[in-house]
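Worksheet for the structure shown next.
The residues of the chain are indexed from 1 along the displayed sequence. Whatever order the structure lists ligands and atoms in, that order sets their numbers, starting from 1. The shown structure was predicted, so the numbers you read here are calculated from the model rather than taken from an experiment.
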Amino acid sequence: MSQKQDYEQPSNQQLRARAEAELANTTQTDRDISQQDTDRQLYELQVHQIELEMQNEELRQAHNTLEEARDRYIDLYDFSPVGYLTLSTSGMVTEINLTGAILLGRERSKLINRRFASYIADEDKNRWYRHFLHTKQQRDKQNIELTLIHANGTRFIACLDCLAIEMKDGLFMLRITLTDITQRKLAEQQLRIAAIVFESQQGIIVTDTKHLILAVNRTFTSITGYTADEVVGKNPKMLQSGLHDSNFYTAMWKSIHDTGVWKGEIWNRRKSGEVYPQYMNITAVEDLDGIVSHYVATFSDITLSKLASDEIEHLAFYDSLTGLPNRRLLLDRLEQALASSTHSGKNGALLFIDLDNFKTLNDTLGHDMGDLLLQQVAKRLTDCVRENDTIARLSGDEFIVMLENLNEHALDAATQTEMVGEKILAALNQPYQLANYNYRNTPSIGATLFKNHVRNSEELLKQADIAMYQAKAAGRNTLRFFDPQMQANINARLALEADLHLALAENQFELYYQLQTTHDSHAIGAEVLIRWKHPRHGLILPEDFIPLTEETGLILPIGQWILETACAQIKRWESNPHTQHLQLAVNVSAKQFQQSNFVAQITQILHQNAIKPDRLKLELTESLVLDDIHDTIHKMKALRKIGLRFSMDDFGTGYSSLAYLTQLPLDQLKIDQSFIRNIGIRHADSVIVQTIIGMAHNLGLDVIAEGVETEAQRAFLEQHGCLSCQGYLFSKPLPIEEFELLLTRS
Ligand code: C2E
Ligand code: MG
Ligand code: MG
C-alpha cells in the first residue's frame, strides 16, 4: 500500500530570520519604506503561514480519510460475506480473503500457491476443469456451482462467480467470488420435496388461523370437485356433509388445541353433493415461537376401503347364502333388544324355525335345491315380519325371527307372537318352485318370550330350540311355546348327564338278573338288565338313562362293561352243574352294534372269559336290525358262526317285514310285553300273540314271552305253544346274590 508522504514546508523561525536579514541591508527611508514593506511582507507572511497551516490540516485530514478508507476496504475485503480469491493461469490460488479462507477451513498462508482444484469434491473436478478452460479461452464471466471440501472433511456447496482478467504476456488471472449456498440448496431441495408431497395422492388443505383456506392441492380438486379458485379464502366448513353434530367438531378442535393433531374418519360432501367418507389428519403448524400459524389437513377418500371393510363386516355378520344376519349378529341384536325391553317394559319374542325333512330334500334333490329352498324361505320370512324385526339364519335349516316391542302383558305378547307364527307357518306351507321342481315343505316353530333380561341370549335361544323340538314331537308343521316345566326336565337331564360320566369309573352300575324259565318252571337262564345306583337319587332304571348314554356315546364303554360282566358270570356258573346250562340274554344298543369292530369285541370277550359262546344271547330290537339291514345280517352271521345266539326283543312293536325276518340268522322271537299284558283283555292282542308264536314255529325259531305277570297269561301261552317265559310271575329282575338264591329254591 502507499506510504505517508513528507511535505517540506519552511518553518516560522526560518521565515522570520530570512526577513530580518533582508532588513539589515536597507536605508532609513528605505527603512521606512522597507518598514512598510516589511510589515506588509510580515502580514503576507502571516497570511501565508495561516494558509499553509490550513493546507497542512486539509492534507492531514485527507490523509486520515484515505487511511480510514483503506482500512475499511481491507475490512470489507476480508470480512465480506463472500469469499474472494484469485487464481493464476495454472489454477493456483494467488490471493484469498479471510472469508474465503474460513469457508475452506484453512489459514490464508496455507492456501496461497495451492491448486484450487484440490478443494473440490472428486465428482465435480472434471466439471471444474472444463469450466476453468472455457472461462480462460472465452475471457468472460461465468459462474459454476461446486461441492467444496472443508479442511475438516465436511462438504458444502458453493457458487463461484468467475471473471477472467487479461494480463501481460498472454497470462490471465481468474478473479472468483465464492458464496456458500449449501443452506439455499437444502431449502430449494426441501421446497422441491414439499412441492412433490403437496401434489401427493392425499388431498391437502392449508388454512390460516382464522380457518380461511390458503392453498389446496390437485388431489383436493380431484376428490372434492372444487378447484383452488373456488375454495381459497373460504372456510373448509363448505365441505361439511351435515352428518356430524357439533359435538363431533368440538371434540375435533379440542384434540387439535390439546395435542396439535386430530385424525379420524369424517364424512364430507363433494361439489356434486355426494357425501363420502374421508380419512383426515389435521395438524396445527407452529412458527418458531411456538405460536400456531397454519392448519394443514391431509385426507384421503376412503369410499373404496370403506366399501371393502363394509363387505368384510357383512361377511362376518351376515349369512352369505341368504343375506340374513348370522348367529353373531343375532346375539348382538338380542342383547340390545333385552336391554331395550328392560327399559321399555315391553315383551319381545324369539321364534325358532326349523324346516321339516330338509335333510331329505338335500339327499334327494341335491344341495343346490336345498340352497334354493333356504333362499326362498328367507324371502318369505322377511315378508312376514315388520321392518324392525330381525330375521337370522342360525345354521343349516334353522332360522330365528326376533320380535320386539310386543305387549307388556305376557299373555297378549304370546297372542301377538302366535299370530306371527301362524303367518310364518302359512307362508312356508305354500309350494316352492325349485328350478323345475314343485316342492312342498313345512316348518316346526318354537317360541319363547323375553323381557327384563331375566335370561341371557344363549338361554333364550335354547328355550326357543326346546320349544321347536316340542313342535316336532307334536307332529311337525306346528308352533309350540316354551314350557318352563320342560326346562326343569332338561336341567335335570343335563345334571344326570354330568353324573353319568362318573358312574362307570365309580362302579355305580349293577346288573340285575331276570329269570327266563320254561312254562313248568325250569330255569333256562336270565336276561341281564342294568341298574344305576346313583349316590343321591338311588336306583335309576335303564329307561331313564340308557337313551342318554346312547346320545352321549357313553353306551359304548357301558355296553362293553355289561358284556364283560355277563360273560364273567357265565364263566362262574360253568363249574356248577346247576347253573352251567344257563344262558344269559344281553340287550345290545344300536350304537353299540353299529361299531365296525363289534364282532371283534365280542369275540375277544368270549375268548378272554373262555366261555361257550352259545351261553350268550344278544337281544336286538327291530329298529336296530333295520337301520342297516345288510351290515346287521353280516355281523349277525359272523357272530352266529362262532356259536352266539340272537333274540329279537320287543317283537311285534316294530315294522319288520317278513321278508327281512327270514334273512336274519335269528334263534328266538321275544313277544313284546304290551301284547302279553292284553291277553284275555284285548282280543286283537291275543291274536297277535298266537300269530307270533305260529310264525316262530313256522320259521323254526324259539319263542319267549316277556312281561308275563299272571297265571292266566302263562296258561294261554302254554296252550298256544309258547313254552318259554319271563315276567314278574316268575321273578322280578334281581341282584346276582338274590337271583342265585332264587335258583337254588326252584
Ligand atoms: P327290555 O329289554 O324289553 O327289558 C324288559 C323290561 O321289562 C325290563 O325293564 C324289565 O324289568 C321289564 N319287565 C320284565 N318283566 C316284567 C313284567 O312282568 N311286568 C312289567 N311291567 N315289566 C317287566 P327294565 O329293566 O326297566 O329295562 C327297560 C329297557 O331298558 C329294556 O327293555 C332294555 O331295552 C333296556 N335295557 C335294560 N338293560 C339294558 C342293558 O343292559 N343294555 C341295554 N342296551 N339296554 C338295556
Ligand atoms: Mg330285553
Ligand atoms: Mg323287551
With a 4.0 Å cut-off, strictly under, does atom 9 (O) of ligand 1 pick up any protein heavy atom? no
Are Q673 and ligand 1 in contact, using a heavy-atom cut-off of under 4.0 Å? yes
Taking the cut-offs as 6.0 angstrom to the six-membered ring centre and 45 degrees off its axis, would you call K472 and Y469 a cation-pi pair? no
R677 touching ligand 1 at heavy-atom level, < 4.0 angstrom: no
Where is the nearest protein heavy atom to atom 1 (P) of ligand 1: which residue, which atom, and how far? D649 OD2, 3.8 Å
The closest protein heavy-atom partner of atom 15 (N) of ligand 1 is Q514 NE2, 2.9 Å
Give the total of protein N/O/S atoms at a distance below 2.8 Å from the Mg ion (ligand 2). 4
Looking only at protein heavy atoms, what sits closest to atom 42 (N) of ligand 1 is N587 O, 3.5 Å
If you count the atoms of ligand 1 from 1 in the order shown, which ones are under 4.0 Å from a heavy atom of L529? 4 (O), 8 (C), 10 (C), 11 (O), 25 (O), 37 (C), 38 (N)
Any side-chain heavy-atom pair from Q668 and R645 closer than 4.5 angstrom? no
In the protein, which heavy atom is nearest to atom 24 (P) of ligand 1, and how far is it? P542 CG, 3.7 Å
For E527, is the nearest heavy atom under 4.0 Å from an atom of ligand 1? yes
If you look only at pairs with a residue in residues 599-642, which of them pass as a ring pair (Phe, Tyr, Trp, His ring centres under 6.0 Å), with sequence neighbours excluded? none
Which one holds for I562 and ligand 1: side chain close, backbone close, both close, or neither close, with close meaning a heavy atom under 4.0 Å? side chain
